Peer 1: 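Take a look at this one; I'll ask things after.
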2 protein chains.
Amino acid sequence: MSALDGLAPPPAAPLTVGILAGMGPAAGVDFARLFVRASENWLRSHGRPVLDQSFPEHWIAQVPVVDRTRALHDPQAPQPLDGLALALQRLAALGARAVAMSCNTAHAWHAALQERVASVELLHIADETAAELGRRGIGRAALLATQGTYRMGLYDRAFAAHGIQCVLPSEAARGWLMQGIYDGVKAGDMALARRRFAQAGQQVREAHGDVALVMACTEIPLALPDAPEARDWTLIDPSDILAVALANRAYG
Amino acid sequence: MSALDGLAPPPAAPLTVGILAGMGPAAGVDFARLFVRASENWLRSHGRPVLDQSFPEHWIAQVPVVDRTRALHDPQAPQPLDGLALALQRLAALGARAVAMSCNTAHAWHAALQERVASVELLHIADETAAELGRRGIGRAALLATQGTYRMGLYDRAFAAHGIQCVLPSEAARGWLMQGIYDGVKAGDMALARRRFAQAGQQVREAHGDVALVMACTEIPLALPDAPEARDWTLIDPSDILAVALANRAYG
């Protein structure tokens, strides 16, 4: 042991965290990619070496959860709460202290899940996004989301708490978003997804001007940034913001 | 219930599978991406709809495992077997019936892990790769890997079993590969990784002609395919082959 060891004790191991995903699986993997990138950025910005062993232990549950938007629309349809709670309990049993859900619509069950599994901190994608918009000084933003997310007002309360005005697409544009999500990204047709998401963005910008667009469904950032129309748009990715928040929790 | 229901019973749910990863974390996420793509391709090729719910449940363990190459080189260094076995047991407890390890060097402990956790099928990346090369009629291939993978002869037995001749890079080229893996991809310097991997590939091709290059370290496919020199090379990705094998196991 050298004299320097006493001056620079090794940093404590980061906390184990979890990712509750599979909604859909491609978006879940992309969220894990954002989390690994956020962890790497954290290490760099803190002058720590980027080694396999310096990343937080994290477990990714890619579980087949029933359709969230349909469950919100129709109380008789299969409901996702029990399946989500089981996966969250398993992540907690694996040692996860904080968990992020890589699906906006699934946050309809956020409070119920947090109540059922109190031993983990279940991050909230809208709260994290609104706080980040506040930090960036953005006072008005448009919400691109599923019908389920609009119906439950997922972002409304969080935006209001941070004094951010929320702008919504027209009914037609909401239909294009749903088509881009379901027939586009989830079905693997990325060209269709790009067209439909860009159409919706254009409708919002024609109606409300050059407003920041919050891509509040994990499928949208997989296609919209690649649409040529979106090149100069201000796109906000709540998944990326959530991934950074999860890395910050892991490193304490 | 219509008459057709009797003719076309709903397909059985796919098996739960696991991915033992974190070696490094970026490569682990990329393996998960390949698995999701392989599952999607399986669904399409079997005429099944691509829905969130038609993917196999899969759990990804991104655990901080001690350095595998160092452990092979120095028996006094921290050894990864206990950590890998614990993660594999946890994947088994989550219901995984088959597991893939997204690290070539970690396969040095494949037999020991399979013996400790007999309830899952632990796929073997070199066996799957050799079988696939055989199916493609490739009789000679060069191995781009870590020093640990060369030292333990991971691919030698599998290639021999399928009558495939194995070509090795020079000592200098092996050093470039290690630099591209550790100082390049694992440290986030992709430009360095591309240069070093391309140098190694060029050495092999100068010595052995237009031979297929097996990228037998999960970090190499994250950079080499983007090197301009590699545009016309035949690159084989064992991770992709392993991901397809895991999807095939899941769908039975």
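Lettering follows sequence order; numbering is per chain, from 1. Please read these numbers as outputs of a predicted model, since none were measured by experiment.
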Peer 1: Can any side-chain N or O of B:E128 pair as donor or acceptor with the backbone N or O of B:L242 at less than 3.5 Å?
Peer 2: no
Peer 1: When heavy-atom pairs shorter than 4.5 Å are enumerated against chain A, which of B:A61, B:G24, B:A93 gives the highest number?
Peer 2: B:A61
Peer 1: Any side-chain heavy atom of A:T146 within less than 4.5 Å of one from A:L177?
Peer 2: no
Peer 1: Rounded to the nearest 0.5 Å, what's the gap from CG on A:D67 to NE2 on A:H73? Could you check?
Peer 2: 11.5 Å
Peer 1: Name the one of B:L143, B:I220, B:T129 that satisfies side chain to side chain contact (heavy atoms under 4.5 Å, CB included) with B:P238?
Peer 2: B:T129
Peer 1: Output the option from B:T16, B:I60, B:V50 having the highest count of non-hydrogen pairs under 4.5 Å with chain A.
Peer 2: B:I60
Peer 1: Does a donor on one side chain and an acceptor on the other come within less than 3.5 Å for B:T218 and B:S239?
Peer 2: no
Peer 1: Measuring from atom SG of A:C103 to atom CG of B:D52, what distance do you get when rounded to the nearest 0.5 angstrom?
Peer 2: 8.0 Å
Peer 1: Working note: B:T105 + B:L72, criterion side-chain contact (heavy atoms from CB on, under 4.5 Å); need CA distance, chi angles, decisive distance, verdict.
Peer 2: CA-CA 9 Å; B:T105 315; B:L72 283 176; 3.8 Å; yes
Peer 1: Could you check whether any side-chain heavy atom of A:L154 comes within less than 4.5 Å of a side-chain heavy atom of A:N104, counting everything from C-beta outward?
Peer 2: yes
Peer 1: Between chain A and each of B:R90, B:Q62, B:E57, count heavy-atom pairs under 4.5 Å; write down the option with the most.
Peer 2: B:Q62
Peer 1: So does B:I125 get a backbone contact from the side chain of B:H107, meaning a donor-acceptor N/O pair under 3.5 Å?
Peer 2: yes
Peer 1: Only heavy atoms, only distances under 4.5 angstrom. Which residues in residues 31-45 of chain A are near chain B?
Peer 2: A:A32, A:R33, A:V36, A:E40, A:R44
Peer 1: Using modelled atom types only, decide if a donor and an acceptor are shared between the side chain of A:Q114 and the backbone of A:L122 within a distance under 3.5 Å.
Peer 2: yes
Peer 1: Pick one of side chain, backbone, both or neither for B:P49, based on which atoms fall under 4.5 Å of a heavy atom in chain A.
Peer 2: neither
Peer 1: State, yes or no, whether a side-chain contact exists between A:L91 and A:V120 at a heavy-atom distance under 4.5 Å.
Peer 2: no
Peer 1: Answer yes or no: does atom CZ of B:R116 have more than 12 heavy-atom neighbours from other residues, nucleotides or ligands under 6.0 Å?
Peer 2: yes
Peer 1: Report, by ascending residue number, the residues of residues 178-198 of chain A in heavy-atom contact with chain B at a distance under 4.5 Å; give 'none' if the set is empty.
Peer 2: A:K186, A:A187, A:G188
Peer 1: Between chain B and each of A:L51, A:D30, A:V63, A:I19, count heavy-atom pairs under 4.5 Å; write down the option with the most.
Peer 2: A:V63
